Amino acid sequence: MVQDEKTAPNDGADEQMLGSGGLEDKLADRRDEVKFIKGDHQNGDAKIDIGAVNGGKPAFTGMSKEELMKYANDPFWVRLRWIFFVGFWAVWVGMLVGAILIIIGAPKCAAPQPLPWYKRGPHAKFASLETCKPDDVQSAKKIHAAGAIYELPADLTYNVKKPEVEEQIKRLVAQYQGSDTRVILDVTPNYVAKDSQLVQDAIADPEKRSAFVWVTGKTTVPTNWLKVGGTRSAWEKVGDSYVLSQFQDGYYDLKMNSTLVRKEFGGVLKHLISLGVEGFRLNNTKFFVLSENLEDEFPSAAPKDLNQGPSDYGFYDHKQTTFQSGLGDVLYDYLSIVKNASDEAFLSVAEDVIQPQVYQLSEVPGVNGIDLPMYGDFVKVLSKSKPEKSLQKDLENTLFQAGNSSWLQWNFGDIYVDTPQDPSALSLFLSLLPGVPVVPVDAIAYRNVTEETYRQIEQLRKSASYMHGELKLFQADSLVAYSRQRIKSGNPGYFVVFNPTDLPQSSNFTGPAELPEKMTVSYFSEDYNNQDNSVKVGHAAKVNLKQLKVAPHSTIILTYVPATTE
């Protein structure tokens, strides 16, 4: 007879039969939660998830201490542990050594290189090579010149390999050996005499006439081109042909972009470098490329002299014979010849380029085909008694037109002989602008400026703030000023102020925040303290820029530490 489960007495017989604490007890005590998770609704699939409930913990399945100890002294595991131990420290030491080697071997931040010698300047300008004398060395030393410039006569340009010409050049170079001054030659390469080998070869072989503007089959002059600065035709009759002769009678113009001329003049440059010449300034560069079309010149739209007529050179615009397209590329070709012959040599011009854009490379805008261009009238304007235009604007325009990265030649020969400005003030002001002072030994800036001033200029031009510093222009009423500074390097900046007027002028400049109010007097022009009604200053004195009054016709150079850093 079966007893009802609800009413049957619980006498413990069940537990006794199963046994207390057995496997069955454990199974009975375990309560798992079963979840049915709906799966794919199309197929009616479902997942079953059985998890522990009542905070149940999964059973420990790791190895016990006794089991682990069995492997403590096992040779395989001992060896494996040592391998990992040694490997870890080997990798760690390798990383440390690698880091040290990277630090040691990493390229250092290159220190700014000093300017090449021909940019350090100044350069002393002498007369002809044929008039050089031993005393010239002392004259160059007065201005602490980096270069001495001499004129190579045009007749000798393509005759430098002749023994007598070689001897002249060698003697000049030897004269400057042992000094810090190097020899520079002004060269005129764009025409040759009719008895030169180039002309003789052209007469004998028509294929070699490409070096000249050589026209055959004409019974009259090919164009209306006139001799430079003259009133006669620029064409000369040679046999049954006409040859262009824009300069002296009996001298024929060369096309400097001709392959024949490039080879010939390139050989001249390389030979002069082998003799010890380290710089060249070219004359007549605007005539180096000539028009192939042989068209007549047109009257100038803005003639300099209204009294001139069709028989005067100045009546025409000369667009056929000057500043032709590709001039910068031709000059760069010769510059490459010079640089390949000597890393320290340079090639420049001996006169104002007038149209600086033509001297740039056709495929690299903004890059000149020469070193050290010469451009603008700023030196003349600065030395006038009463400049007709703003000095700051004229300087800004000069630098912009020449290319703000250009290192110009400042021709001290342009300073007016009767200038009311203190020549030492002009020298100090111009010498800290980006560029090279070119000082003719017969110029006022040479005769009336002491060696001490040029020694100061040399020291200033060697400073990092000058060589690698930024240029910023300022103006306050009649004063013009600029700063040179390298903020990142921590070098002191220079603030250069020039007063072109007859009266002391207040330096009420306004500008960037890096200009502090107080600065230190570094240098000043020779007559600064000799001016009437001006406040005297002394070297190393502290001055307030807002209160400073600059003496008439004088320059003062102040040093300062920029108030802000980048």
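This chain uses plain numbering: 1 for the first residue, then up along the sequence. Atom set for the values below is all heavy atoms of this structure, side chains included, hydrogens, waters and symmetry mates excluded. None of the values given here were measured: they were computed from a predicted structure.
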A.B. asks: Only counting residues at least two apart or in another chain, list the ones meeting salt bridge (Lys or Arg N to Asp or Glu O under 4.0 Å) with Arg281.
C.D. replies: Asp186
A.B. asks: Please name all residues satisfying salt bridge (Lys or Arg N to Asp or Glu O under 4.0 Å) with Arg232, sequence neighbours left out, ordered by chain then number.
C.D. replies: Asp249
A.B. asks: Thr131: what forms a side-chain contact (heavy atoms from CB on, under 4.5 Å) with it, not counting sequence neighbours?
C.D. replies: Ala127, Ser128
A.B. asks: Name all residues meeting the side-chain contact (heavy atoms from CB on, under 4.5 Å) criterion together with Ala345; count only those two or more places apart in sequence or in a different chain, and write none if there are none.
C.D. replies: Ile273, Val338, Ser342
A.B. asks: Do the side chains of Asp377 and Lys380 get close enough for a salt bridge, i.e. N-O under 4.0 angstrom?
C.D. replies: no
A.B. asks: In chain order, what residues pass the salt bridge (Lys or Arg N to Asp or Glu O under 4.0 Å) check against Asp352, with sequence neighbours excluded?
C.D. replies: none
A.B. asks: Between Thr559 (side chain) and Tyr494 (backbone), is there a donor-acceptor pair under 3.5 Å?
C.D. replies: no
A.B. asks: Listed by chain and number, what are the side-chain contact (heavy atoms from CB on, under 4.5 Å) partners of Asp442, not counting sequence neighbours?
C.D. replies: Pro440
A.B. asks: Tell me the ring-ring contact (aromatic ring centres under 6.0 Å, His included) pairs involving residues 334-375, sequence neighbours left out?
C.D. replies: Trp117-Phe346, Tyr118-Phe346, Phe265-Tyr334
A.B. asks: Identify, with sequence neighbours excluded, every residue that meets salt bridge (Lys or Arg N to Asp or Glu O under 4.0 Å) alongside Glu458.
C.D. replies: Lys462
A.B. asks: Restricting to pairs with a member in residues 313-341, which pass salt bridge (Lys or Arg N to Asp or Glu O under 4.0 Å), not counting sequence neighbours?
C.D. replies: Arg262-Asp333, Lys339-Asp371
A.B. asks: For Phe378, what residues pass the ring pair (Phe, Tyr, Trp, His ring centres under 6.0 Å) criterion, not counting sequence neighbours?
C.D. replies: none
A.B. asks: Residues two or more places apart in sequence or in another chain: which of them pass side-chain hydrogen bond (donor to acceptor under 3.5 Å, both in side chains) with Tyr176?
C.D. replies: Tyr150
A.B. asks: What pairs of residues pass the ring-ring contact (aromatic ring centres under 6.0 Å, His included) test when at least one of them lies in residues 429-462, not counting sequence neighbours?
C.D. replies: Phe429-Tyr482, Phe429-Phe498
